[in-house]
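Reviewing the structure listed below.
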2 protein chains.
Amino acid sequence: MPILHPSLRAPITAADRVLLEIQRAIVEGDIVAGSKISEPELAKRFDLSRAPLREALARLERCHLIERIPNAGARVVKLSTQGLLSLYQLRETLEGMACRLAAEHMADDEIAELRALLDQHLSTQRVREGESYYQEAGDLDFHYRVILGSKNEYLINILCDELYHLVRMYRVQLGMNGPRVSRAFDEHKAILNAIANRDGELADLLMRRHIAASRRNIEKQLDQTGN
Amino acid sequence: MPILHPSLRAPITAADRVLLEIQRAIVEGDIVAGSKISEPELAKRFDLSRAPLREALARLERCHLIERIPNAGARVVKLSTQGLLSLYQLRETLEGMACRLAAEHMADDEIAELRALLDQHLSTQRVREGESYYQEAGDLDFHYRVILGSKNEYLINILCDELYHLVRMYRVQLGMNGPRVSRAFDEHKAILNAIANRDGELADLLMRRHIAASRRNIEKQLDQTGN
DNA sequence: AATAACAGTATTGTCGACAATTAGACTAAA
DNA sequence: TTTAGTCTAATTGTCGACAATACTGTTATT
């Protein structure tokens with residue numbers, strides 16, 4: 001049972017609903033990266049007026065999925081090697097920090113739950129190698145809980161609300177499903193142990209390495225598919 | 001002559017203008033921290049309709065100056081010791097990172113400009129001890145340039161757009177004008193030297209210390225004024 | 001007296017239309 | 001041919017009104 005962060009609350013308003021739909025569409029590439037966004041077109045497509053749509057666009061800009069220029073319109077963000085590098089560079093620092101804080105602030109039962117989660121993933125993962133979806137979800141769930149464990153509201157907001165979907169977009173559109181799965185599990189386990197031992201410094205280090213490895217993995221994919 | 005970041009472009013639309021006004025009002029305490037925000041009232045007060053006002057509110061939420069609850073309304077953020085701690089904790093990590101990257105990526109002439117800026121501040125500062133405004137501005141300008149020097153778009157966005165005004169709000173409303181001025185100058189100088197020497201690790205460390213000192217200074221003020 | 005249901009009021013969410021601005025096509029001059 | 005300018009069309013920004021939801025004070029019931 002996943003923990004609920006405010007950002008994942010049930011969609012209340014029409015703007016909430018359309019936000020989720022457009023978010024998914026952009027992340028999955030259904031709305032092509034780099035393409036222009038037409039407010040009238042989207043309004044017709046999702047059958048609502050421009051008011052809630054613009055509200056949704058404002059939030060999409062907030063999580064870096066679109067870029068808006070006053071009086072000119074919005075474009076879906078374009079994926080680039082530079083952007084990927086900057087994003088993962090930042091993640092290394094931020095999630096490392098989150099890990100260190102988690103080692104200091106997570107309650108014992110939270111750590112126990114996290115361990116249970118990992119075990120469950122490991123067992124569920126009589127790894128049909130193909131099904132990268134669940135691996136992806138499991139990976140994100142682990143990171144998610146560690147971040148929440150930091151208990152720093154601003155840090156949580158940045159990682160879970162602002163950067164989360166962009167990270168997913170890079171992963172999905174670059175076809176992240178390499179053979180890094182089992183190794184990632186080991187790394188998660190090591191990080192968990194560091195947190196359980198209240199060794200923030202080590203947890204920080206391990207998380208940085210973990211993300212750096214993940215970044216190199218994606219970069220490799222990126223090279224293969226053709227720069 | 002200050003460098004222009006996208007976030008500081010001239011206000012084009014009515015939403016931009018009212019955003020700046022409300023932002024200032026909140027930061028300066030003109031709109032009291034923790035108070036409720038009434039859309040009709042603000043719309044009347046600034047003489048525009050609710051559409052651009054809501055656009056402005058969306059951006060205010062983005063920089064953590066207000067908190068919105070669906071169907072219930074928005075409140076100005078409440079200042080708290082916990083919030084201050086979380087904010088400065090994050091700044092330590094992020095600006096440390098920015099410093100390290102700046103040491104790697106800043107062009108030589110950018111560094112020269114930064115040095116000129118510091119010298120100018122030092123001379124302009126035949127320190128009328130009272131005028132904390134210019135000291136404040138100078139301090140922010142220095143940090144600002146270092147952050148831009150990191151060349152990491154996401155990092156820049158977070159520090160300059162999302163956290164900047166909240167930091168100012170804490171400083172202003174807690175009356176930051178202590179006797180830390182001259183020491184801050186020395187610290188800036190040391191940081192600059194580390195950057196000029198391309199010593200990212202040292203620059204990181206010094207910036208972290210600098211911000212930690214700044215945080216302790218504010219906390220002291222906070223204790224005196226009454227928890 | 002305390003609590004629960006209810007009505008009335010005020011606020012937020014959404015809509016359709018209009019105004020302001022920009023992008024693109026076309027024309028005219030160098 | 002290129003460039004500058006203009007005009008048209010489309011898009012974004014803004015407005016006022018309506019619908020849906022949440023708050024408040026009252027009433028009724030236990």
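In what follows, every chain begins at residue 1, and chains take the letters A, B, ... in the order their sequences are listed.
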Are any side-chain N or O atoms of B:Tyr170 and backbone N or O atoms of B:Ser80, one a donor and one an acceptor, separated by less than 3.5 Å? yes

Quick one: do B:Leu79 and B:Leu84 satisfy side chain to side chain contact (heavy atoms under 4.5 Å, CB included)? Show the steps, please. CA-CA 7 Å; B:Leu79 303 186; B:Leu84 177 72; over 6 Å; no

Salt bridge B:Glu39-B:Arg50, side-chain N to carboxylate O under 4.0 Å: yes

Roughly, in whole Å, what's the span from CG in A:Leu57 to P in D:dT11? 14 Å

Reading nucleotides 12-18 of chain C from 5' to 3' and marking B where a protein heavy atom lies under 4.0 Å of the base, S where only the sugar-phosphate is that close, and - otherwise, the string is BBBB-B-

In Å, rounded to the nearest 0.5 Å, how long is the span from CD of A:Glu61 to CZ of B:Arg62? 4.5 Å

Run the side-chain hydrogen bond (donor to acceptor under 3.5 Å, both in side chains) check on A:His210 and A:His188 step by step: do they pass? CA-CA 8 Å; A:His210 174 61; A:His188 285 181; 3.1 Å; yes

